[in-house]
2 protein chains.
Amino acid sequence: MMRDTCDETFELADFLPYLLNQAAEASGQEFQTIYKGRYGMLRTEWRVLFHLGIYGRMTAKEIGERAVIHKTKVSRAVQKLAARRFITRERHAADRRFEYLDLTTAGRAAYRDLHEVARQYDARLTSQFSDEETALLRSMLKRLAGGR
Amino acid sequence: MMRDTCDETFELADFLPYLLNQAAEASGQEFQTIYKGRYGMLRTEWRVLFHLGIYGRMTAKEIGERAVIHKTKVSRAVQKLAARRFITRERHAADRRFEYLDLTTAGRAAYRDLHEVARQYDARLTSQFSDEETALLRSMLKRLAGGR
DNA sequence: AGCTAACAGTTGAATTTGTAACTAACAAGG
DNA sequence: CCTTGTTAGTTACAAATTCAACTGTTAGCT
């Protein structure tokens with residue numbers, strides 16, 4: 001019977017991992033319906049697409065490391081993107097374990113389209129906050145995400 | 001060829017839904033290993049447990065609405081929690097469609113344990129920020145989560 | 001009462017994910 | 001060369017999630 005002082009105030013809705021999850025799901029919902037409806041993509045797939053669109057030619061492993069996605073998920077996303085002709089796969093000659101991925105013309109078009117959607121969507125989401133608030137939010141989220 | 005001024009600066013790592021997801025996954029990881037390892041629970045299960053622990057007797061539907069979880073997910077979580085004797089289920093006499101859920105003694109013990117873990121974990125996560133920053137973060141996340 | 005619509009919750013089949021074991025390719029030491 | 005170990009990526013199987021159809025129950029209208 002001593003320290004229930006701050007105990008009482010700890011609600012589920014204040015638990016950071018819970019809150020982050022709710023915010024992530026709510027904010028991702030609308031974007032999901034776009035990439036899903038427009039290109040039939042799954043989350044991992046647009047992420048792979050974006051990585052190639054932004055950083056250029058890259059292996060599956062690099063993508064997995066940057067985005068913290070398990071290699072089996074990346075592998076399956078790559079297979080689906082390749083089957084739909086959004087990316088090409090090319091074995092590295094010197095070390096045939098590596099496979100370099102690249103966007104096709106169709107892949108680049110899809111990327112540009114979704115990139116623009118994402119940009120506008122992000123702008124809309126952050127428009128409810130001041131620039132300082134938004135900047136702080138992003139930096140805090142990066143810190144929270146970074147601790148892996 | 002006109003407005004690529006702010007286009008170039010829009011990176012994947014700045015896209016809010018992406019960032020939120022990364023932060024949510026990273027921050028939830030450690031807590032997951034606890035409720036999973038200690039009680040063999042899934043995410044929906046501890047959420048149901050917490051809702052009952054915090055708000056008391058409640059139906060599956062109410063939980064689903066508060067936490068924005070699909071009813072099939074809640075239904076299965078309730079089944080598992082009831083099978084493990086963490087909760088009891090009782091049909092409402094006046095309207096037999098409703099089923100009221102309650103924590104058992106074991107359920108309340110598990111809730112208290114996990115609640116304390118969550119409290120400490122939250123405190124540790126937010127200790128890297130100032131109180132003002134943390135408060136702002138939570139309020140922004142709530143706004144982002146609220147728009148459903 | 002009898003019909004229809006709505007509602008709480010469940011179930012089953014199809015997708016998606018997670019885990020672990022696997023293949024193929026290379027590297028380093030003997 | 002020939003182990004032994006490591007790495008990139010795949011596959012198989014189990015677990016979890018989604019979606020749609022379902023049961024049982026109540027409400028409202030006629």
Side-chain angles (χ1 to χ4, degrees), chain A residues 21-22 24-26 28-29 32-33 35-37 39-48 51-52 57-84 87-102 148, chain B residues 21-22 24-26 28-33 35-37 39-49 51-52 57-84 87-102:
Chain A
N21 225 62
Q22 297 293 100
E25 255 175 57
Q29 194 56 46
Q32 178 184 27
T33 70
Y35 63 72
K36 197 172 176 183
Y39 300 101
M41 285 186 191
L42 258 29
R43 189 163 39 169
T44 308
E45 288 159 39
W46 78 256
R47 286 188 180 189
V48 167
H51 274 266
L52 295 174
R57 156 173 292 232
M58 193 179 278
T59 69
K61 169 153 217 257
E62 287 178 290
I63 295 174
E65 275 165 1
R66 278 183 191 259
V68 196
I69 306 174
H70 194 270
K71 59 181 181 172
T72 63
K73 254 169 133 180
V74 177
S75 173
R76 291 193 255 244
V78 164
Q79 287 178 56
K80 241 167 83 177
L81 288 170
R84 291 179 189 174
I87 65 175
T88 57
R89 333 170 65 168
E90 184 192 333
R91 287 278 169 195
H92 185 49
D95 187 339
R96 296 180 40 70
R97 285 174 300 183
F98 293 90
E99 187 172 56
Y100 282 108
L101 308 171
D102 252 316
R148 293 246 195 186
Chain B
N21 226 62
Q22 298 292 101
E25 256 175 55
Q29 194 56 45
E30 200 171 329
F31 187 59
Q32 177 182 27
T33 71
Y35 62 72
K36 198 173 174 180
Y39 300 101
M41 284 186 193
L42 258 28
R43 188 163 40 169
T44 308
E45 287 159 40
W46 78 256
R47 287 188 179 188
V48 168
L49 192 85
H51 273 266
L52 294 174
R57 156 174 291 233
M58 195 179 277
T59 68
K61 169 152 217 257
E62 287 177 290
I63 295 174
E65 274 165 4
R66 278 181 191 261
V68 196
I69 306 175
H70 195 268
K71 59 180 180 173
T72 63
K73 256 168 132 178
V74 176
S75 173
R76 281 166 173 138
V78 164
Q79 288 178 55
K80 241 166 85 177
L81 288 171
R84 291 178 189 174
I87 65 174
T88 57
R89 331 171 66 169
E90 185 192 334
R91 286 278 168 197
H92 184 50
D95 187 337
R96 298 181 38 71
R97 284 173 300 184
F98 293 90
E99 188 173 54
Y100 282 108
L101 308 172
D102 251 317

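Residue numbers start from 1 in every chain, and the chains themselves are labelled A, B, ... in the order their sequence lines are given, proteins ahead of strands.
- Summarising the geometry, the separation between CD on A:Q79 and C1' on D:dT11 is reported as 9 Å, rounded to the nearest angstrom.
- Within the 4.0 angstrom heavy-atom criterion, no nucleotide atom of any strand lies near A:A77.
- Spacing between atom NE2 of A:H70 and atom C1' of C:dA21 amounts to 12 Å, rounded to whole angstrom units.
- Here B:T59 contributes atom OG1 and B:E65 contributes atom CD; the two are 7.5 Å apart, rounded to the nearest 0.5 Å.
- The nearest whole Å value for the distance from the CD1 atom in B:I69 to the C1' atom in C:dG9 is 15 Å.
- Both A:T72 and A:R97 lie near DNA chain D, and the one whose nearest nucleotide falls closer to the 5' end is A:R97.
- Atom CZ of B:R43 is separated from atom CG of A:N21 by 4.5 Å, given to the nearest 0.5 angstrom.
- Residue A:T59 is the one, among A:K36 and A:T59, whose nearest nucleotide of DNA chain D lies closer to the 5' end (criterion: closest heavy atom).
- One interatomic measurement links the two molecules: CZ of B:R76 to P of D:dC19, which rounds to 13 Å at whole-angstrom precision.
- Between the side chain of B:R96 and the base of C:dG9, no donor-acceptor pair of N or O atoms lies under 3.5 Å.
- A sub-4.0 Å separation between OP1 or OP2 of C:dT17 and a side-chain N or O of B:R43 is absent.
- B:Q32 has its CD atom 12 Å from the C1' atom of D:dA16, to the nearest Å.
- The CD atom of B:E45 sits 10.5 Å away from atom CD of B:Q79, with the distance rounded to the nearest 0.5 Å.
- A sub-4.0 Å separation between OP1 or OP2 of D:dT10 and a side-chain N or O of A:S75 is present.
- One atom, CD of B:E62, and another, C1' of C:dC7, lie 14 Å apart when rounded to the nearest Å.
- Between B:K61 and C:dA8, a side-chain N or O to OP1/OP2 separation shorter than 4.0 Å is present.
- Tested against B:T44 for a side-chain contact (heavy atoms from CB on, under 4.5 Å), the candidates B:K73, B:K80, B:R76 yield a single pass: B:K73.
- If you take CG of B:D95 and P of D:dG28, they are 11 Å apart, rounded to a whole angstrom.
- Two residues, A:H92 and B:R91, neighbour DNA chain C, and the one matched to the more 5' nucleotide by heavy-atom proximity is B:R91.
- Close to C:dT17, at under 4.0 Å from its OP1 or OP2, lies no side-chain N or O of A:K73.
- Using the six-membered ring where Trp is involved, B:F31 and B:Y35 have ring planes that are perpendicular, over 60° apart on the 30 and 60° scheme.
- One can place CZ of A:F98 at 12 Å from C1' of C:dA27, the figure rounded to the nearest angstrom.
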